[in-house]
Amino acid sequence: MTVSLDLTADTTRDSLRARIAAPAKGELIGLTREELAEALITSGVVPERQAKMRVQQLWHWLYVRGVSDFADMFNISKDLRAELAKHFTIARPEIVEEQISSDGTRKWLFRFPPRGAGRPVEIETVYIPEEGRGTLCISSQVGCTLTCSFCHTGTQKLVRNLTAEEILAQLLTARDRLGDFPDRDTPAGAIVPAEGRKVSNIVMMGMGEPLYNFEAVKKALLIASDGDGLALSKRRITLSTSGVVPEIFRTGEEIGVMLAISLHATNDDLRDLLVPINKKFPLNELMDACRKYPGLSNARRITFEYVMLKDINDSLEDAKALVKLLKGVPAKINLIPFNPWPGSNYQCSDWEQIEKFADYINQAGYASPIRTPRGRDILAACGQLKSESERLKKSERLALEAMMIAGHGEA
Ligand code: SAH
Ligand code: SF4
């Protein structure tokens, strides 16, 4: 049988190019130590008796020193470095775009090579510098299968899950760009915390639902928190879920990071509309899973995210219902002013109303910081992320800017 390809069709050319560009070499980033040893041995690059030592060396270069080229691994012989480079890759993804907001927030658009017969994919990662900390907001999927009605990412179909390597690549490349590895310089003029690590915290709050990509997210976060490598404390890693109840216990048990729940409503009728996964896992099941979250205590609270939608979920009645719902759960409440996007059917609550809401829950004993919108001028705020393929047309961008000026007095 012969197959004919119409090379004049853009789609065919693109998919062909994608396959030709597919990495034939094995990825080393994102492998567990055992998998790394296995890869080195089965490729014939390292004899079995040396595997443990080589894994230790590689782990240090990859995750402590942050090198992305075997040639920089000075304590490994030249011949072995060449062999490694022949069989494996540790290259960073392509940075399609880096945008820097006036408030120092950075947004990167990364392109990852195709997996199998797929196409290259693009995702966004956001860095938010604050006094005393720098938070990296990492994506777990390209698009999202869920369709929360206030979320921009939710309007983009799921393209695919990211691999553990791609999840870690976001952290490694951000640290490259910020000069956050030993012996690297931070770019002049960059806004970063005055002391300590430039990326001190991670939040799995970018594109996608991390608990629908559990295995890859778990692998990546265990490597990010490995004490001999990237060494981020698990207390500084927060995984946000829309409420995939069956995976919540495992998240605590197997990953051990901090949990955030995208709550947004205090009754099932409204939550069904805002966060449709609620129809599958309603509030009583979600709250039950939260109460059973391993390691939960007053020192290790669950963060409940609550997006402030004008006249939808922002009344004092809602604040009361929220306090009632969370009774007995060690909790922090994070109020997120709604970030508008073109075509969205909601408005952000008035500032005064947000403050009233915050005051009520504060008085009930909950810390309730209002998340200051960051990076709005580069569409880097919560729920505004989308891939390059779906980026805004100029007219949409202008409409968005107009909305932001109207709604918040800032562009
Ligand atoms: N899918 C996961 C993590 C990514 S979303 C989740 O839903 O939890 C990260 C946070 O941003 C969630 O709390 C989400 O509800 C919130 N969010 C989404 N769109 C938003 C918008 N337009 N304005 C403000 N917050 C938004
Ligand atoms: Fe997906 Fe989270 Fe957006 Fe809902 S809020 S559509 S789960 S990314």
Side-chain angles (χ1 to χ4, degrees), residues 123 137-164 166-168 170 202-222 224-225 234 237-296 300-307 313 322 325-326 329-334 336 382-383 385-386:
I123 56 103
C137 180
I138 293 182
S139 294
S140 56
Q141 299 185 304
V142 187
C144 189
T145 47
L146 301 172
T147 50
C148 302
S149 52
F150 53 87
C151 174
H152 203 198
T153 309
T155 63
Q156 189 188 347
K157 280 204 305 259
L158 178 78
V159 179
R160 70 168 170 82
N161 281 336
L162 293 177
T163 63
E166 291 164 338
I167 295 169
L168 281 169
Q170 298 171 60
I202 296 180
V203 291
M204 295 301 298
M205 292 186 188
M207 291 161 59
E209 168 49 60
L211 295 189
Y212 274 165
N213 186 14
F214 190 90
E215 294 305 329
V217 167
K218 170 179 164 181
K219 251 173 125 180
L221 294 184
L222 290 180
S225 57
K234 288 185 179 180
I237 302 178
T238 301
L239 183 150
S240 173
T241 178
S242 57
V244 186
V245 166
E247 308 291 352
I248 288 181
F249 189 81
R250 289 179 69 199
T251 303
E253 191 97 315
E254 298 177 30
I255 315 180
V257 293
M258 307 300 281
L259 182 68
I261 301 283
S262 293
L263 191 65
H264 310 315
T266 54
N267 62 70
D268 283 323
D269 284 347
L270 181 59
R271 197 160 189 273
D272 283 353
L273 291 175
L274 297 180
V275 188
I277 197 180
N278 193 69
K279 291 186 209 149
K280 213 162 160 190
F281 307 115
L283 274 170
N284 63 343
E285 290 181 25
L286 177 61
M287 294 312 297
D288 210 38
C290 287
R291 283 191 196 92
K292 294 185 182 132
Y293 193 67
L296 188 62
R300 279 171 65 93
R301 294 164 192 250
I302 295 177
T303 301
F304 289 88
E305 295 157 280
Y306 196 94
V307 63
N313 66 354
L322 180 58
L325 184 71
L326 299 185
V329 183
K332 280 188 270 192
I333 300 165
N334 209 338
I336 317 174
C382 295
L385 304 185
K386 258 193 145 191

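Annotation: salt bridge (Lys or Arg N to Asp or Glu O under 4.0 Å) contacts of R160 (sequence neighbours excluded): E166. Taking the side-chain contact (heavy atoms from CB on, under 4.5 Å) definition, one finds that T145 meets it with L158, Y212, sequence neighbours left out. In this structure, the ring pair (Phe, Tyr, Trp, His ring centres under 6.0 Å) partners of Y306, at least two apart in sequence or on a different chain, are F357. For the side-chain hydrogen bond (donor to acceptor under 3.5 Å, both in side chains) test, residues two or more places apart in sequence or in another chain that qualify with D272 are N278. In this view, R291 and M287, D288, V329 satisfy the side-chain contact (heavy atoms from CB on, under 4.5 Å) rule, not counting sequence neighbours. Residues forming a side-chain hydrogen bond (donor to acceptor under 3.5 Å, both in side chains) with T241 (at least two apart in sequence, or on another chain): E209. Listed by chain and residue number, V245, I248 satisfy the side-chain contact (heavy atoms from CB on, under 4.5 Å) test with A289 (two or more places apart in sequence, or in another chain). In this structure R300 satisfies the salt bridge (Lys or Arg N to Asp or Glu O under 4.0 Å) test with no other residue, sequence neighbours excluded. With sequence neighbours excluded, the residues that form a side-chain contact (heavy atoms from CB on, under 4.5 Å) with S262 are S240, H264, E305.
For K234, the NZ atom is densely surrounded, since the number of other residues' heavy atoms within 6.0 Å is greater than 12.
Atoms OG1 and CG, from T163 and N213 in turn, are 8.5 Å apart once rounded to the nearest 0.5 Å.
Screening residues 239-256 for salt bridge (charged side-chain N to carboxylate O under 4.0 Å, His left out) gives E215-R250, K218-E254, E247-R250, R250-E254 as the qualifying pairs, with residues at least two apart or on separate chains.
Between the side chain of Q156 and the backbone N or O of C144 there is no donor-acceptor pair closer than 3.5 Å.
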